[in-house]
Undergrad: 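Pasting in a structure now, in structure tokens, and then I'll have a few things to ask.
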Amino acid sequence: MAKIDKKTGVNYWLVKSDPETYSWEMLLHDKYTEWDGVRNYQARNNLKLMKKGDMVLFYHSQLEKAIMGVAKISNEYFHDPTANEGDWVAVEIKPLKTFKQQVSLEDIKKNNLLKAIGLLKQPRLSVMPITKAEFDEILRLSKS
DNA sequence: GCCAACGTTGGC
DNA sequence: GCCAACGTTGGC
């Protein structure tokens, strides 16, 4: 898989998915997917800020509670085709790298550098920004 | 505009 | 399966 580009100007994000609904494995199989169905204003606003080439950590909620890999934004926001009414948007993401070692919620909780990460501060938000430092630390933990 | 009721999410 | 957190809805 492609090398991860850590050049500046790129933004870093984390998205959550219940793997029973849509998993990292399904994304690998699909090659790319529309990240749609978001119905929370804060999450939507974050989708609108995503730029092509931004890095996205893909987190499995519920049973697995671990970050599975890195995806990237392959298309910026557009109207969410699954929304019948309202101003909702989707983006397109592509898998970039599967982690050698998944980074679990437990790992994140006990890491001092990740104390302030959105995943811990706002456990219910499904699309959130993270810092480059947080991204780099998670990448380090993943041994990827 | 406030706030109680309700629904959803997600960790445990 | 339970419950806390939190967002949304609707009555007033």
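All values below were derived from every heavy atom in this structure, side-chain atoms included, with hydrogens, water molecules and symmetry-related copies excluded. Computed from a prediction, not measured in an experiment: that's the story for all the values here.
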Undergrad: CZ of A:R124 versus P of C:dC3: gap in Å, rounded?
TA: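 Rounded to whole Å, this separation is 17 Å.
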
Undergrad: Using whole Å, report how far CG of A:D107 lies from P of B:dG11.
TA: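 Taking CG of A:D107 and P of B:dG11, I get 14 Å after rounding.
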
Undergrad: Salt bridge check, A:D136 against A:K132: does any charged N sit closer than 4.0 Å to a carboxylate O?
TA: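 Salt bridge present between A:K132 and A:D136.
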
Undergrad: If the cut-off is 4.0 Å, is A:K16 near the phosphate of B:dG10, judged by side-chain N/O to OP1 or OP2?
TA: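 Answer yes for this pair, as a side-chain N or O of A:K16 is under 4.0 Å from OP1 or OP2.
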
Undergrad: Taking all heavy atoms of A:K100 and all of A:S144, pick out the closest pair and write down the distance.
TA: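 Closest pair (atom of A:K100, atom of A:S144, distance): N-OG, 2.9 Å.
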
Undergrad: Within this structure, what is the CG-to-P distance between A:L119 and B:dG11, rounded to whole angstrom?
TA: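 Rounding to the nearest Å, CG of A:L119 and P of B:dG11 are 7 Å apart.
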
Undergrad: Taking atom P of B:dG10 as reference, at what distance in whole Å does atom CD of A:E106 sit?
TA: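 Atom CD in A:E106 sits about 19 Å away from atom P in B:dG10.
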
Undergrad: If I take atom CD in residue A:E64 and atom P in nucleotide B:dG10, what distance separates them, rounded to the nearest angstrom?
TA: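 Checked: the CD to P distance equals 14 Å.
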
Undergrad: How far does the helix from B:dG1-C:dC12 to B:dC12-C:dG1 bend, going by the axes of its first and last five pairs, to the nearest 10°?
TA: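 Taking the rotation axis at each end, their angle is 10°.
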
Undergrad: Going by atom types only, do A:D54 and A:W13 share a side-chain donor-acceptor pair under 3.5 Å?
TA: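 Yes - a donor-acceptor pair under 3.5 Å links their side chains.
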
Undergrad: Could you give the side-chain donor-acceptor pairs of residues 110-119 of chain A under 3.5 Å, partners two or more places apart or in another chain?
TA:
residue: A:N111; atom: OD1; partner: A:L113; partner atom: N; Å: 2.7
residue: A:N111; atom: ND2; partner: A:E137; partner atom: OE2; Å: 2.7
residue: A:N112; atom: OD1; partner: A:K115; partner atom: NZ; Å: 2.5

Undergrad: Using atom CG of A:L125 as one end and atom C1' of B:dG10 as the other, report the distance to the nearest whole Å.
TA: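 Value for this atom pair: 13 Å.
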
Undergrad: Which heavy atom of A:V91 sits nearest to which heavy atom of A:I73, and what is that distance?
TA: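 Scanning both residues, the minimum pair turns out to be CG2-CD1, 4.2 Å.
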
Undergrad: Between B:dG10, C:dG7, B:dT8, which nucleotide has the shortest distance from any of its atoms to the side chain of A:Q122?
TA: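 For A:Q122, the side-chain atoms sit closest to C:dG7.
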
Undergrad: What closest approach, in Å, do A:K31 and A:K94 show between heavy atoms, and which atom pair accounts for it?
TA: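 Looking at all heavy atoms of both residues, the shortest contact is O-CG, 3.7 Å.
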
Undergrad: Under the side chain to side chain donor-acceptor pair (under 3.5 Å) rule, what pairs show up with a residue in residues 118-129 of chain A, not counting sequence neighbours?
TA: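 Checked against side chain to side chain donor-acceptor pair (under 3.5 Å) - neighbours excluded - the pairs reaching residues 118-129 of chain A are A:Q42-A:Q122.
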
Undergrad: Keeping to residues at least two apart or across chains, list the ring pair (Phe, Tyr, Trp, His ring centres under 6.0 Å) pairs with something in residues 64-114 of chain A.
TA: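 Checked against ring pair (Phe, Tyr, Trp, His ring centres under 6.0 Å) - neighbours excluded - the pairs reaching residues 64-114 of chain A are A:Y41-A:W88.
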
Undergrad: Between A:Y59 and B:dT9, is there a side-chain N or O to OP1/OP2 distance below 4.0 Å?
TA: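 False: A:Y59 side-chain N/O out of range (4.0 Å or more) of B:dT9 OP1/OP2.
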
Undergrad: Could you work out which one of B:dC12, C:dC6, B:dG10 sits closest to the side chain of A:S61?
TA: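 Between B:dC12, C:dC6, B:dG10, the one nearest the side chain of A:S61 would be B:dG10.
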
Undergrad: Which of residues 37-47 of chain A sit near DNA chain C, with a heavy atom under 4.0 Å from it?
TA: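 Heavy-atom contacts with DNA chain C come from A:N40, A:Y41.
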
Undergrad: Take atom CG of A:L120 and atom C1' of C:dA5, then tell me their distance rounded to the nearest Å.
TA: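 So the CG-C1' distance, A:L120 to C:dA5, works out to 15 Å.
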
Undergrad: Rounded to the Å, how far apart are A:D18 CG and B:dG10 P?
TA: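 So the two atoms are 8 Å apart, to the nearest Å.
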
Undergrad: Which residues pass the salt bridge (charged side-chain N to carboxylate O under 4.0 Å, His left out) test with A:D80, sequence neighbours left out?
TA: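 For A:D80 the salt bridge (charged side-chain N to carboxylate O under 4.0 Å, His left out) partners, ignoring immediate neighbours, are A:R39.
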
